[in-house]
2 protein chains.
Amino acid sequence: MRINKQWRLAARPQQLFKDTDFKWIEEPVPALADGQVLVRNVYLSLDPTNRVWASQDSYMPMVPLGEVMRGGTIGVVEESRDAGFAPADIVQGLLGWQLYASAPGAQLTKLPKGVPLTAFMGLLGHIGLTAYFGLIDIGQPKEGETLVVSAAAGAVGSLVGQIGKIKGCYVVGIAGSDEKCRWLKDELGYDAAINYRKEKILDALKRECPRGIDIYFDNVGGEILDAALALLNLRARIPLCGMISQYTATGPVAGPSNLARLIMTRSRIEGFLVTDYLPRAGEAIPQLLGWMQSGKLKFKVDVAEGLESAPRAINKLFEGTNTGKLVVKISEEP
Amino acid sequence: MRINKQWRLAARPQQLFKDTDFKWIEEPVPALADGQVLVRNVYLSLDPTNRVWASQDSYMPMVPLGEVMRGGTIGVVEESRDAGFAPADIVQGLLGWQLYASAPGAQLTKLPKGVPLTAFMGLLGHIGLTAYFGLIDIGQPKEGETLVVSAAAGAVGSLVGQIGKIKGCYVVGIAGSDEKCRWLKDELGYDAAINYRKEKILDALKRECPRGIDIYFDNVGGEILDAALALLNLRARIPLCGMISQYTATGPVAGPSNLARLIMTRSRIEGFLVTDYLPRAGEAIPQLLGWMQSGKLKFKVDVAEGLESAPRAINKLFEGTNTGKLVVKISEEP
């Protein structure tokens, strides 16, 4: 008999997640119902948006208290009562913070073999699509333009900068440690990198963006957005991908004080969600895969070991201590 | 011999304009040079952007101290040494806060007769083009959508709402007095109007926009923008036309605290300047004129008498006490 392990949401988080926001449950896995597929989760994706899911209704309803915490996973089929799936199939779905999950086949996507599984959590998954469509569709990069990326060593940011380089931009990354900055420049080919913890961001951006900013890909909001606004060129674009600086705030946060720059420069800020682009994934995935296979697009995974570690590991996103895509390894790859 | 009267800029304004920010000059008009046209100004346009011109470089360089204050005027040609202009021609130009101005003909636009002169300062001038292109191009109104307009009884705002009605929108105006609100509803056909001085703007918007906000045409920035963000529908548009609440601020102003709503709703804020649309004026003017002549588009002018009144009259814009387009009558219409 299989014993499931789960993290259920026990309280609405305030600021960072606390251990007491989750409850650890171990219980037998019930017999599989007709039409269902039993999946053993191997990797759990940890993303900034999880913090939103835990505390408020947004583009998805918030996770009800007492339910398994929502999360994207990749796993292996152990048992199937859906004709479309067989044991040993590798599948992806929103199967939650748990070792075993049952779901109807319609909620699962079968993954091809021969590509590292974690790539589907990043470059070839929602992360890659976010970076691709946010930059290409909303950012509209043109050769020779200056692209600034915040949270540049994060899962999305690290891809955005590399795609920007492929499109011929001058790319400046903003990250929170010298080590991350070195990685951006030495490994990912960023033209410049700024450690925002070490100097005034406006001064640093002025120095590193001598021709101003054409695209600011914003993952964080707050003070960095304010500084970027000050340096916008004419008809600049700000794809608004995330506001990680605000997800753990307890009250209203200060917004940018110089939105009037948008008028003077005829620029735009535009929010987007990757969910809207899923029907167009077929445009992006072959390119992302090709760039990965030719070495133009590198991708780092930050792996936390064991489902038990999830409640603490997720705070790395808000503390800025992860590099690349943060995942939890729940069980062994098949 | 003609005696000119001028307001020259004497100091950079802090907050509202003060009398001491200007210096009154009376001096003889010099003999007209070859290629120049001598214009007697009849109307001077007072606009929020004048405050920007007086204090900072922006889309135009700031007015140098000691120079005649920059301003748009309509006047009558008194003398011409440019073959394209003759006495009694009616012209428009950026001729400044003065009774007489000389300019090369290339800097003047000849106006047709038979339309009230002040219409060229509003509906058929930069104000009308601002309202038209800001709403149509950036706002992209669709039938049945909810359009909210701030500074709705102002020159631009009063046109935006009426054009919104022509395009089939449900139009909600925000203004600063009950009298203005009555004018918006009873005369201009707005569906609803909110006096922002009398109640909490977020509560009022919730009540008056039961189907949320699809377009927020922003003339003011600040707290009203924050409230509008909270009520955005999916794929909403915020044309950013002005930030009048901020032009007289002495330090950084608080920005909207909930820009993250742009992500959740996949919406955009986009700044624009009418100057970019001048080459496309021919698309807008015939429609604006037609709507005016058929009574669909009404237009109010708030006239201050005498050039002497300009330094005080302009503060009405920032105190919110004008209704419709604010102009100064400098001399008699021909």
Side-chain angles (χ1 to χ4, degrees), chain A residues 48-49 51-53 56-60 130 133-134 137-138 202 218-223 225-227 229-230 232 234-247 249 251-277, chain B residues 48-49 51-53 56-60 130 133-134 137-138 202 218-223 225-227 229-230 232 234-247 249 251-277:
Chain A
T49 196
R51 178 65 178 72
V52 179
W53 293 349
Q56 57 180 278
D57 290 324
S58 59
Y59 61 102
M60 296 179 86
T130 300
F133 286 109
D137 243 53
I138 314 281
L202 181 58
D218 191 8
N219 288 303
V220 302
E223 187 193 356
L225 174 57
D226 225 10
L229 280 165
L232 291 189
L234 278 188
R235 296 185 184 75
R237 290 80 65 198
I238 302 183
L240 210 58
C241 177
M243 289 249 148
I244 202 169
S245 72
Q246 310 193 353
Y247 293 164
V253 295
S257 68
N258 52 4
L259 277 185
R261 283 286 301 170
L262 294 178
I263 303 177
M264 300 308 170
T265 61
R266 300 79 143 166
S267 296
R268 80 161 61 139
I269 299 183
E270 184 163 357
F272 71 99
L273 283 173
V274 67
T275 44
D276 294 333
Y277 288 101
Chain B
T49 195
R51 179 63 179 74
V52 178
W53 293 348
Q56 57 179 280
D57 290 325
S58 59
Y59 62 102
M60 296 178 86
T130 300
F133 287 109
D137 242 55
I138 315 281
L202 181 58
D218 191 7
N219 288 303
V220 302
E223 187 192 354
L225 174 56
D226 224 10
L229 281 165
L232 291 188
L234 277 188
R235 297 184 183 75
R237 290 82 65 198
I238 302 183
L240 210 56
C241 177
M243 289 248 150
I244 201 169
S245 72
Q246 310 192 353
Y247 294 163
V253 295
S257 68
N258 52 5
L259 276 184
R261 283 285 302 168
L262 294 179
I263 304 177
M264 299 308 168
T265 62
R266 301 79 144 164
S267 296
R268 80 160 64 139
I269 300 182
E270 184 163 357
F272 71 99
L273 284 174
V274 68
T275 44
D276 294 334
Y277 289 101

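To find a chain, count down the sequence lines: A is the first, B the second, and so on, and within it residues start at 1.
Contact annotation for Arg261(A): neither backbone nor side-chain heavy atoms come within less than 4.5 Å of a heavy atom of chain B. Interface remark: Leu225(A) contributes side-chain atoms only to the contact with chain B (heavy atom separation under 4.5 Å). Only the side chain of Thr275(A) comes within contact range of chain B, with at least one heavy atom under 4.5 Å from a heavy atom of that chain.
Among all heavy-atom pairs drawn from Leu240(B) and Leu259(A), the shortest one is CD2-O, 3.7 Å.
Scored by the side chain to side chain donor-acceptor pair (under 3.5 Å) test, Arg266(B) finds Asp276(A) as partners (sequence neighbours excluded). In this structure, the salt bridge (Lys or Arg N to Asp or Glu O under 4.0 Å) partners of Arg237(B), at least two apart in sequence or on a different chain, are Glu145(B).
Per-residue heavy-atom pair counts under 4.5 Å with chain B were compared for Gly271(A), Pro239(A), Pro256(A), and the maximum is reached by Gly271(A).
Separation of atoms CD1 (Ile263(B)) and CG (Asp218(A)) is listed at 7.5 Å; rounding is to 0.5 Å. Of the inter-residue distances, the one linking Met60(B) atom CE with Met264(A) atom CE reads 12.0 Å to the nearest 0.5 angstrom.
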